[in-house]
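First the structure, in the form of structure tokens, and then the observations on it.
One-based numbering, in listed order, for ligands and for the atoms of each.
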Amino acid sequence: ETKHDLVGKRILITGGGTREPLDPVRFIGNRSSGKQAVALAQRAMQRSADVTLIAAHLEVEPPAGVDLVTVSTAAQMHSEVMTLSPEFDIVIMAAAVSDYRLDTVSGSKLKKVDNGGELHLTLVENPDILKELSSSKSAKQLIIGFAAETATEDDLIRIGKDKIARKGCDLLILNQVGWDQGFGTESNTVSVLASGGDILITATGSKMSVADTILDCIATPPIHNA
Ligand code: C5P
């Protein structure tokens, strides 16, 4: 039976993969399907939260009835998150945001004949939305980040502890990804890290059940800092 333990909570969730255009027809992207974010949005709504989903590119349908904001690039994601987040109690950044964008986007399709056998692209860093949000959040907001890593299990925890300290978020969801793991799959294994670096819980299961585990960590004290 579904608990309605998120009643009155306003939750902003980002999901899917951002795309950085090279020209009008090409982009650099990633293999995030958005399934975990959509499962989080769905379960949070079922647990009576007020949910807005900022969706980059999704391979699945967003939950029926969710407040949906669609974006494509990291810059658009950045602008929507910074504009909308002050109205929310909890922000869950499950999107796979491109760390880089093209320094110049060609206004017309890039042509092989112009490039003599090699195409050199220059990428510049995108703003780190999670880091910026964590440093500007209000005291009663809870910010949750994700870390999708190809590292082995031991390295994963070490990288996670380092990342949560660097980003400054309240919780970090550690997620092993690979060619056939994490992105796009039906099930998932995650560890939830607290800001001090402690592992609160490790869970494996469908993305729906993993979503519930993550929402349990948010709904239940002592982690909630309201
Ligand atoms: O540094 P890394 O990309 O591994 O961090 C992952 C976390 O940071 C995710 O929660 C992702 O949504 C967020 N992120 C961000 N802005 C970026 C890159 C990642 O907010 N430019």
Side-chain angles (χ1 to χ4, degrees), residues 11-21 27-41 44 51-58 69-86 88 90-103 123-137 141-152 155-178 181-184 188 190-195 197 200 207 210-211 213-215 217-218:
I11 309 185
L12 183 64
I13 300 173
T14 71
T18 62
R19 291 178 178 177
E20 303 301 328
F27 59 85
I28 294 177
N30 60 68
R31 291 188 24 245
S32 170
S33 64
K35 283 179 189 165
Q36 187 61 73
V38 166
L40 277 162
V51 179
T52 294
L53 177 65
I54 304 181
H57 297 273
L58 303 178
V69 176
T70 57
V71 299
S72 184
T73 64
Q76 290 164 356
M77 174 76 78
H78 179 238
S79 143
E80 293 294 354
V81 169
M82 296 322 287
T83 304
L84 296 175
S85 58
F88 289 83
I90 298 158
V91 184
I92 307 177
M93 303 273 298
V97 181
S98 176
D99 288 327
Y100 298 94
R101 67 177 179 277
L102 277 293
D103 72 335
L123 305 178
V124 295
E125 248 180 60
N126 277 324
D128 190 321
I129 309 164
L130 178 60
K131 197 171 170 181
E132 186 175 328
L133 187 64
S134 299
S135 70
S136 67
K137 70 159 194 163
Q141 274 181 320
L142 199 65
I143 312 294
I144 294 107
F146 269 68
E149 303 292 343
T150 54
T152 59
D155 282 349
L156 194 68
I157 302 297
R158 192 180 44 74
I159 291 170
K161 288 181 177 181
D162 189 60
K163 187 160 287 188
I164 196 166
R166 194 156 32 83
K167 300 262 190 181
C169 52
D170 299 294
L171 292 175
L172 187 73
I173 315 303
L174 269 175
N175 196 357
Q176 238 175 346
V177 295
Q181 194 183 17
F183 283 169
N188 207 4
V190 301
S191 293
V192 181
L193 242 64
S195 53
L200 299 178
K207 288 186 173 175
V210 165
T213 302
I214 294 168
L215 294 171
C217 290
I218 292 166

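At a 4.0 Å heavy-atom cut-off, ligand 1 touches Pro127 through the backbone alone. Here His78 has no heavy atoms under 4.0 Å from ligand 1, in either its backbone or its side chain.
Protein heavy atom nearest atom 17 (C) of ligand 1, with residue, atom name and distance: Val97 CG1, 3.6 Å. Of all protein heavy atoms, the one closest to atom 10 (O) of ligand 1 is Met93 O, 2.7 Å. In terms of protein heavy-atom proximity, atom 8 (O) of ligand 1 is closest to Lys167 NZ, 3.2 Å. When hydrogens are left out, the protein atom nearest atom 6 (C) of ligand 1 is Phe146 O, 2.9 Å; that is the closest non-hydrogen contact. Looking only at heavy atoms of the protein, atom 16 (N) of ligand 1 is closest to Ile129 N, 3.1 Å. The shortest contact between atom 20 (O) of ligand 1 and any protein heavy atom is with Leu130 N, 2.8 Å.
No cation-pi contact links Arg31 to Phe183, judged by a cut-off of 6.0 Å to the six-membered ring centre and 45° from its axis.
Residues Leu156 and Ser191 form no side-chain contact, since every pair of their non-hydrogen atoms from C-beta on lies 4.5 Å or further apart. Within the 4.5 Å cutoff, no side-chain heavy atoms of Leu40 are placed close to those of Ile11. Under the 4.5 Å side-chain criterion, counting only non-hydrogen atoms from C-beta, Ser85 is not in contact with Lys137. Met93 places a side-chain heavy atom less than 4.5 Å from the side chain of Ile129. A heavy-atom distance below 4.5 Å is not found between the side chains of Thr14 and Val97.
From Asp99, atom CG reaches atom CG of Leu123 across 10.5 Å, with rounding to the nearest 0.5 Å. Atom CD1 of residue Ile144 and atom CG of residue Leu193 lie 13.0 Å apart, to the nearest 0.5 angstrom.
Considering backbone and side-chain atoms alike, Ala94 places every N or O at 3.5 Å or more from each N or O of ligand 1. Considering backbone and side-chain N/O atoms, Ala147 never comes within less than 3.5 Å of an N/O atom of ligand 1.
Remark: distances from the non-hydrogen atoms of Lys131 to ligand 1 are all 4.0 Å or more. For the ligand labelled ligand 1, residue Met77 lies outside the 4.0 Å heavy-atom shell. At least one heavy atom of Asp99 sits closer than 4.0 Å to an atom of ligand 1. Using a 4.0 Å cutoff on heavy atoms, Ala95 counts as a contact of ligand 1.
Each of the atoms 15 (C), 16 (N), 17 (C), 20 (O), 21 (N) of ligand 1 lies under 4.0 Å from some heavy atom of Asp128. Residue contact check: Gly145 has heavy atoms under 4.0 Å from atoms 10 (O) of ligand 1. Distances below 4.0 Å separate heavy atoms of Lys163 from the following atoms of ligand 1: 1 (O), 2 (P), 4 (O).
Smallest separation of non-hydrogen atoms from Ser195 and Cys169: CB-O, 3.8 Å. Gly34 approaches Leu58 most closely through the heavy-atom pair CA-CD2, 3.8 Å. Nearest heavy atom pair, residue Glu20 against residue Thr18, reads OE2-OG1, 4.0 Å.
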